[in-house]
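Order of the sequence lines fixes the chain letters, A, B, ..., with proteins taken first and strands second; residue numbering starts at 1 for each chain.
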Amino acid sequence: MSRRSLCGSLRFGLLATLLRGFFVMQFSDKRNRLKFWLVLAALLLLPFITDALLGRSWVRIVDFAMLYIMLALGLNIVVGYAGLLDLGYIAFFAVGAYCYALTGSPHLALAFPMMFPAGVHLPFWIVLPMAALVAGGFGVLLGAPTLRLRGDYLAIVTLGFGEIIRIFLNNLDAPVNLTNGPQGISRIDPVSVAGVSLNSTQHIFGIVFPAVHLYFYLFLAFTALVVFVSRRLERSRIGRAWMAIREDEVAASAMGIDTRNLKLLAFAMGAMSGGASGALFAGFQGFVSPESFSLMESVMVLCMVVLGGMGNIAGVIFGAILLALLPEVLRHIVVPAQQALFGRTLVDPESLRMLLFGTALIVMMLYRPAGLLPSRVRRRELGADEPAAETSVYDATH
Amino acid sequence: MEILLQQIINGLVQGSIYALVALGYTMVYGILGLINFAHGEVVMVGAMLVLSSLTAMLGWGVPPVLALPISVMLAITGCMALGYGIERIAYRPLRHAPRLAPLITAIGVSIVLQNLAMMIWGRDYHSFPQLFANTTHSFGGAVINDIQIIIFVMAVAIMAGLMVVVHHTRLGRAMRAIAENQHAAQLMGVDVNRVISITFMLGSAMAAVAGLMVSANYGLAHYYMGFLLGLKAFTAAVLGGIGNLRGAMLGGLLLGLIESLGAGYIGDLSGGFFGSNYQDVFAFLVLIAVLVFRPSGLLGERLAERA
């Protein structure tokens, strides 16, 4: 493991080393423990370093990158471990976000002035598990009918769900104003930890922590939790069963694996993780509207998982960081470059980004199906290195 | 009563378009066992090609009688090339890969097409030029216009033609043989790759015609139109039994009817809580219901689960 992580550091630079170091934390030899503390220190200092070098707006971008990491890791459970294609993942994120938006803002006062004259203001720590459960419930509702069929149906049903949820969010403002339609819900309560609101600058031990820094630490803690859970799942009986299903469903069920329930579990866990991230997003942003949850976002999160390496935590994190920062990079490069070359902007960065995502999905599947940082099992299975194994596995199932 | 009749007419016209697109899904599925996610985008490209060539030619003073067939042929050729290219680039290299791989490239292709279309044709709605006086005929209190009649008749004719091709020609026999068993078909001397390419091209040609019909029916075309249309046509294919040609036609017509009747009556049924802006939800509910109660579809004999 440590040899591998050294190779990785040479290839992908400092960032990957930091990440990999983070994952070996449970290895107890001395060098790794030192590495763990170094990584932790670097991560804790990250918002301050970013702030000093690039400015406050970049700390916000880093915060969003953390959210994307959580989302990508959640989707990785579904796509990477269990091999199920979820094309509407952002819908669960939306469910979680609207859960918090409704139960932590003055908005419901509009719909039910008699019942809630000041809206509903549940504490974040109650809403968070609730958001996860509601999103998980939607996952079960969608997954139960489709998961006993072949995987393609799940892909198309989730694709449809992602679109349907937006229709509901956009239209449920009449006759009872539940979602406030396309305008979205604003004035969402800030998240507070131990009575400290994260939306205002805090002074702790004489150090000034602006709101974006505080949210960074919150997201860091949750990302660490998701990484921990993913890692434990991966090596558990359940995780191994998921991978068996992914590799050959018929064989897996012949070995006594309850494929349907385990697929449902993977799908629901992914949905729950998405819902929890959604609640965090709503608290951080203070505002939600349907346009944050378009198909493009689902594709982007899928792209993070595919690009980084399906089923590999470090790879997925790498992919998430890469793609979360890409729009910022594009914004700073594409427009000036075109202005210089053609004198006007022919292609806006937004559509170029989507074009790149689509191309990346195709190219990755054709030439490097296991991702940029592949997991060992996945690489063997997707046959990037061993063309001989690939055809024989396929024929056995037909 | 007039409203009911009107909704049925609208539903049948819309349904015949769904059926044409659904045929493209079901043909590819029958032969390759693959859902061609990008098919909806091919419809969109077809509509855009017809529209832009048509407006260009009308601008040059070409008479509509000439301009329409030329632009339709152009769109059909363009879409056939596109369908061929999609299969060649995104599906053929992955024919023996794990099933997740072609699904991911399929969504990739559809994103790429959507964004390319947006770059070429912009974000605006394009309106369909008026070619002839579109007279409306009324009977029994309901109205139907010339365009709707042409759409319905054309769709039925194309579907009949497809049935002839599939059931009474050498090519059709090869297609059915591959659907039955690809390896055995190959052993019998069927050029599998060629037949698969032709299948994609046939499906794309129908998609181009469907694109023309949609834009003529609504008078509009838009780079995003392929997405929901594709989703609905897929639902139609599943409703009829995916892989089954007659099923796709039946499913398309039924889905059109369900949607139009549903949108027409949902307001009354829910006491005004839901309005016709929930029209797009029906296809999805139908899809879920079919998958729960009859995954093999109305006419599908084979079980939907095929290893």
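- Side-chain atoms of Met364(A) and Thr105(B), non-hydrogen and from C-beta on, never get closer than 4.5 Å to each other.
- Heavy atoms only, all atoms of each residue included: Phe284(B) and Val157(A) are closest at CE1-O, 3.3 Å.
- More than 12 heavy atoms of other residues, nucleotides or ligands lie within 6.0 Å of CD1 in Ile120(B), so this atom counts as buried by the packing criterion.
- At least one side-chain heavy atom of Phe227(B) sits under 4.5 Å from a side-chain heavy atom of Glu163(A).
- Using a 4.5 Å cut-off between heavy atoms, Arg166(A) contacts chain B through its side chain alone, with no backbone atom that close.
- Comparing Leu84(A), Leu352(A), Leu172(A) by how many heavy-atom pairs each has under 4.5 Å with chain B, the most go to Leu172(A).
- Expressed to the nearest 0.5 Å, how far CG of Leu228(B) lies from CD1 of Ile164(A) amounts to 7.5 Å.
- Using a 4.5 Å cut-off between heavy atoms, Leu103(B) contacts chain A through both its backbone and its side chain.
- Note that OG1 of Thr235(B) and CD1 of Ile156(A) are 7.0 Å apart. Values are rounded to the nearest 0.5 Å.
- For Leu287(B), the part lying under 4.5 angstrom from a heavy atom of chain A is the side chain only.
- Interface residue Val306(A): only side-chain heavy atoms are found under 4.5 Å from chain B.
- We find the CD-CD1 distance between Gln279(B) and Ile167(A) to be 9.5 Å, quoted to the nearest 0.5 Å.
- Side-chain atoms of Phe357(A) and Asn115(B), non-hydrogen and from C-beta on, never get closer than 4.5 Å to each other.
- Ala155(A) and Phe37(B) get closest at one heavy-atom pair: CB-CZ, 3.7 Å.
- Two residues are said to be in side-chain contact when any heavy atoms from C-beta on lie closer than 4.5 Å; Leu159(A) and Ile107(B) meet this criterion.
- Contact annotation for Phe161(A): both backbone and side-chain heavy atoms come within less than 4.5 Å of a heavy atom of chain B.
- Proximity to chain B (any heavy atom under 4.5 Å) is shown, for Leu85(A), by both the backbone and the side chain.
- For CD of Gln183(A), the number of neighbouring non-hydrogen atoms (other residues, nucleotides, ligands) closer than 6.0 Å is greater than 12.
- Heavy atoms closer than 4.5 Å to chain A are found in both the backbone and the side chain of Ile104(B).
- Considering every non-hydrogen atom in both Leu100(B) and Gly83(A), the closest pair reads CD1-O, 3.9 Å.
- Neither the backbone nor the side chain of Tyr223(B) comes within less than 4.5 Å of any heavy atom in chain A.
- Nearest heavy atom pair, residue Gly160(A) against residue Leu231(B), reads CA-CD2, 3.5 Å.
- Contact annotation for Arg123(B): only side-chain heavy atoms (C-beta onward) come within less than 4.5 Å of a heavy atom of chain A.
- Residues Met354(A) and Val112(B) fail the side-chain proximity criterion, which asks for heavy atoms closer than 4.5 Å.
- Within the 4.5 angstrom heavy-atom criterion, no atom of Leu113(B) approaches chain A.
- Partners of Asn36(B) under the side-chain hydrogen bond (donor to acceptor under 3.5 Å, both in side chains) rule, at least two apart in sequence or in another chain, are Tyr91(B).
- Between chain B and the residues Thr146(A), Leu87(A), Thr359(A), the most heavy-atom pairs under 4.5 angstrom are made by Leu87(A).
- Taking CG of Leu295(A) as the start and OG of Ser110(B) as the end, the distance is 7.5 Å to the nearest 0.5 Å.
- Residues Leu142(A) and Ile288(B) form a side-chain contact, since some pair of their non-hydrogen atoms from C-beta on lies under 4.5 Å apart.
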